[in-house]
Amino acid sequence: MKLKIDENWTTKNNKYPLNDAEVERYLSVLPSPAQIEHAKKPFYCFLHFGMNTSTGREWGNGTETADDFKIVRIKPDQWISAIKDSGATGVILTCKHHDGFCLWNTGTTNFNVMKSAFAEDVVKLVSDECRRQGLDFGIYLSPWDMHEKTYATEQYNDFFCRQLTELLSNYGNIFEVWFDGAKGADAKAFDYDWERYYKIIRALQPMANIAICGPDIRWVGNEAGEARETEYCVVPKVLTKAETVHSISQQTASDAEKLQKITSKDEDLGSRSVLEKNAYLAWYPAEVDVSIRNGWFASDANSSGIKSSKKLFDIYINSVGNNSFLLLNVPPTDKGVISKKETKVLKNLGKMISEITENCVYEKNFGALNENEGYLEFEFDSPKKLKYCILKEDIKKGQRVEEFELYLLKENGKYKKAFKGSVIGMQKIIPLKGEAKGALLIIRQSRGIPNLEHVGFYE
């Protein structure tokens, strides 16, 4: 096999400029401190729970009352324990879904959990349990509100800001604020005051990342658990505009099923050919959101459609292992618990994730490569049955690698190509098979000098 090791980023760089004004423009786009911290914990869970859990719906209809929330007992300790077993590091709770029912002790409306038979602040119970078990806590707050009479008036923006302020002020540190772009097809036309919402978040929770209809984390474009083959963090800034997300979000409850299919027209969001046509760029990594069930809220109708640990692990590799975040929805039932089947699946998932790095063969943090270092050679102390290679860039220096190849050195002294990839970014997890006594990583194309925070091989 001709490795062509002389055709690397230090020599040909696939005929692309290694350093010029345009490359410097790309490399000037860097993550914020909050985004850097977020990248250290790329897997977390959704908790879809609320009025829909009680009524057995996916979306409300705007006619519910607080009395329709008939759940009288929940076990947040069991929720958080089950999620922690999965390897996730945080949860995002649906504090208010589209029906407008609030799960906290709010002064903005009587349509809240304190006026129901439950009569306890669910947001406090869950956030407190997160602190006790060492998980981060985040909030989902639906801008669309079927119940609120001021909706589609300027007074609603004031109303929504009061709700947002309550949630950001009374429940400790918030790691992510999730704004849904979904709105019913028959909903009144209304422009949300996004900039005002963002200003409140930045003031009250400066380390919180604003996701989906927000400038910090983007929706991957489907709910099937699929990231793009090449998923960039540096993309055109226009993608951060909430209106862009809103136009492709759910318009009806039945759209949730349609979004299981990948229909994104824009497969390429961050190549040079895309960026060179856009004057303004942003660090805007993708978040893959997917439910463990066929629906987002637990109901009898979707109780049999629970994904296996193997399926969820494949999604993990395809998202966390592909320069993206993973947000896995695990909805508690109307009995106030996460089902036994789901807790078992989550525990098995956590075991599979921990086993990725359980048996280390080689690990090293390289930093910036030398200007004549177009490839890296690795020699193991004995032949190893490799299962994974993990690569990470130092994202504080931007996203640089655009194409690389990984070869394994077989016992016969010959190299065998194991993987050809494009970006590395926050993290690339490469499943491997077979014995090898060494490896060769060739970076074919880069934006400036590659900066590798981590290279690891595991058996």
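Quick caveat: nothing in here was measured; it's all calculated off a predicted structure. Along the sequence shown, residues carry numbers from 1.
Judged by distance alone, the side chain of Ser32 and the main-chain N or O of Gln35 form a donor-acceptor pair under 3.5 Å. With hydrogens and angles ignored, the 3.5 Å screen pairs no side-chain donor or acceptor of Asn348 with any backbone N or O of Val345. A distance-only check finds a donor-acceptor pair linking the side chain of Lys410 to the backbone of Glu435 [under 3.5 Å]. Asp268 places a side-chain N or O within 3.5 Å of a backbone atom of Gly270 that can act as its donor or acceptor partner. Put simply, the side chain of Asn209 gets close to the backbone of Ala34: a donor and an acceptor are under 3.5 Å apart. In terms of modelled atom types and a separation under 3.5 Å, the side chain of Thr94 and the main chain of His97 share no donor-acceptor contact. Not a single donor-acceptor pair under 3.5 Å links the side chain of Tyr171 to the backbone N or O of Val126. Side-chain atoms of Asn222 come within 3.5 Å of backbone atoms of Ala224 as a donor-acceptor pair (strictly under, hydrogens ignored). Judged by distance alone, the side chain of Glu403 and the main-chain N or O of Ser446 form no donor-acceptor pair under 3.5 Å. Looking only at distances, a side-chain donor or acceptor of Lys307 sits under 3.5 Å from a matching main-chain atom of Ser291.
For the salt bridge (Lys or Arg N to Asp or Glu O under 4.0 Å) condition, no pair includes a residue of residues 169-179, sequence neighbours left out. Here salt bridge (Lys or Arg N to Asp or Glu O under 4.0 Å) pairs that include residues 313-324, with residues two or more places apart or in two chains, are Lys310-Asp314. The ring pair (Phe, Tyr, Trp, His ring centres under 6.0 Å) analysis of residues 343-366, with sequence neighbours excluded, yields the pairs Tyr362-Phe378. Under the ring pair (Phe, Tyr, Trp, His ring centres under 6.0 Å) criterion, the residue pairs touching residues 18-42 are His38-Tyr44, His38-Phe175, His38-Phe325, with sequence neighbours excluded. Residue pairs meeting the salt bridge (Lys or Arg N to Asp or Glu O under 4.0 Å) criterion with at least one partner in residues 10-22, sequence neighbours excluded, are Glu7-Lys12, Glu22-Arg25. Under the side-chain hydrogen bond (donor to acceptor under 3.5 Å, both in side chains) criterion, the residue pairs touching residues 229-239 are Arg218-Glu231, Arg228-Glu231, Thr230-Ser422, with sequence neighbours excluded. Within the structure, salt bridge (Lys or Arg N to Asp or Glu O under 4.0 Å) pairs that include any residue of residues 36-50 comprise Glu37-Lys40, Lys41-Asp136 (at least two apart or interchain).
Annotation: side chain of His98 is in contact with side chain of Trp59 (closest heavy-atom distance under 4.5 Å). Between Ile200 and Leu168, some side-chain heavy-atom pair lies under the 4.5 Å cut-off. Side-chain contact between Lys428 and Ile390: absent, with no pair of heavy atoms (C-beta onward) separated by less than 4.5 Å. With a 4.5 Å cut-off on side-chain heavy atoms, Lys387 and Leu432 do not count as touching. With a 4.5 Å cut-off on side-chain heavy atoms, Val91 and Ile80 count as touching. Contact check for Val235 versus Leu281: no side-chain heavy atoms found under the 4.5 Å cut-off. The shortest distance between side-chain heavy atoms of Leu391 and Leu441 falls below 4.5 Å. The shortest distance between side-chain heavy atoms of Asn329 and Cys45 does not fall below 4.5 Å.
The two residues Asp180 and Pro143 make their nearest non-hydrogen contact at O-CD, 3.5 Å. For the pair Ile210 and Asp216, the tightest heavy-atom approach, listed with the atom from each and the gap, is N-OD2, 2.8 Å. Considering all non-hydrogen atoms of both residues, Ala152 and Lys188 come closest at CB-CB, 3.7 Å. Leu269 and Pro236 make their closest contact through O-CD, 3.1 Å (heavy atoms, listed as atom of the first residue, atom of the second, distance).
Salt bridge Arg444/Glu402: absent, no basic N to carboxylate O contact under 4.0 Å. Under the 4.0 Å criterion applied to side-chain N and carboxylate O atoms, Asp193 and Lys199 are not assigned as salt-bridge partners.
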- Test salt bridge (charged side-chain N to carboxylate O under 4.0 Å, His left out) applied to Glu453 and Lys397, step by step: CA-CA 10 Å; Glu453 183 178 77; Lys397 307 294 173 52; over 6 Å; no
- Message: Checking Lys384 against Asp381 for the salt bridge (charged side-chain N to carboxylate O under 4.0 Å, His left out) test, could you report, in this order, the C-alpha distance in whole Å, the side-chain angles of both residues, the deciding distance, and whether it holds?
- Response: CA-CA 9 Å; Lys384 305 293 183 182; Asp381 57 15; 3.2 Å; yes
- Trace of the side-chain hydrogen bond (donor to acceptor under 3.5 Å, both in side chains) decision for Tyr197 with Glu195: CA-CA 5 Å; Tyr197 306 164; Glu195 293 304 321; over 6 Å; no
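Proximity of the aromatic rings of Phe380 and Phe457 is defined here by a centroid distance below 6.0 angstrom, and this criterion is met. In this structure, the ring of Phe297 has its center no less than 6.0 angstrom from the ring center of Phe49. A distance below 6.0 Å separates the ring centres of Trp194 and Phe179.
Among residues two or more places apart in sequence or in another chain, the side-chain hydrogen bond (donor to acceptor under 3.5 Å, both in side chains) test is passed with Asp145 by Lys96. Partners of Arg162 by side-chain hydrogen bond (donor to acceptor under 3.5 Å, both in side chains), not counting sequence neighbours: none found. Residues that satisfy the side-chain hydrogen bond (donor to acceptor under 3.5 Å, both in side chains) test with Lys351, not counting sequence neighbours, are Glu355. For the ring-ring contact (aromatic ring centres under 6.0 Å, His included) test, no residue two or more places apart in sequence or in another chain qualifies with Tyr16. With sequence neighbours excluded, the residues satisfying side-chain hydrogen bond (donor to acceptor under 3.5 Å, both in side chains) with Glu166 are Trp104, Thr106.
Note: Tyr316 and Phe313 have parallel aromatic rings, judged against thresholds of 30 and 60 degrees for the angle between ring planes. Using the six-membered ring where Trp is involved, Trp296 and His48 have ring planes that are tilted, between 30° and 60° apart. The aromatic rings of Tyr192 and Phe190 sit perpendicular to each other, their planes meeting at more than 60°, with 30° as the lower class boundary.
Looking only at atom types and distance, the side chain of Asn322 has no donor-acceptor partner in the side chain of Ser324 under 3.5 Å away. Side chain to side chain, Glu363 and Tyr458 meet the donor-acceptor criterion of an N or O pair below 3.5 Å. With hydrogens and angles left out, the side-chain atoms of Tyr375 and Glu373 include no donor and acceptor closer than 3.5 Å.
With respect to Glu287, the side chain to side chain contact (heavy atoms under 4.5 Å, CB included) criterion is satisfied by exactly one of Leu326, Ile217, Val220: Ile217. Tested against Ser86 for a side chain to side chain contact (heavy atoms under 4.5 Å, CB included), the candidates Ile292, Leu346, Thr343, Val330 yield a single pass: Leu346. The only member of Asn323, Asp394, Leu30, Ile424 that meets side chain to side chain contact (heavy atoms under 4.5 Å, CB included) when paired with Gln399 is Asn323.
With rounding to the nearest 0.5 angstrom, the SG atom of Cys130 is 10.5 Å from the CD1 atom of Ile92.
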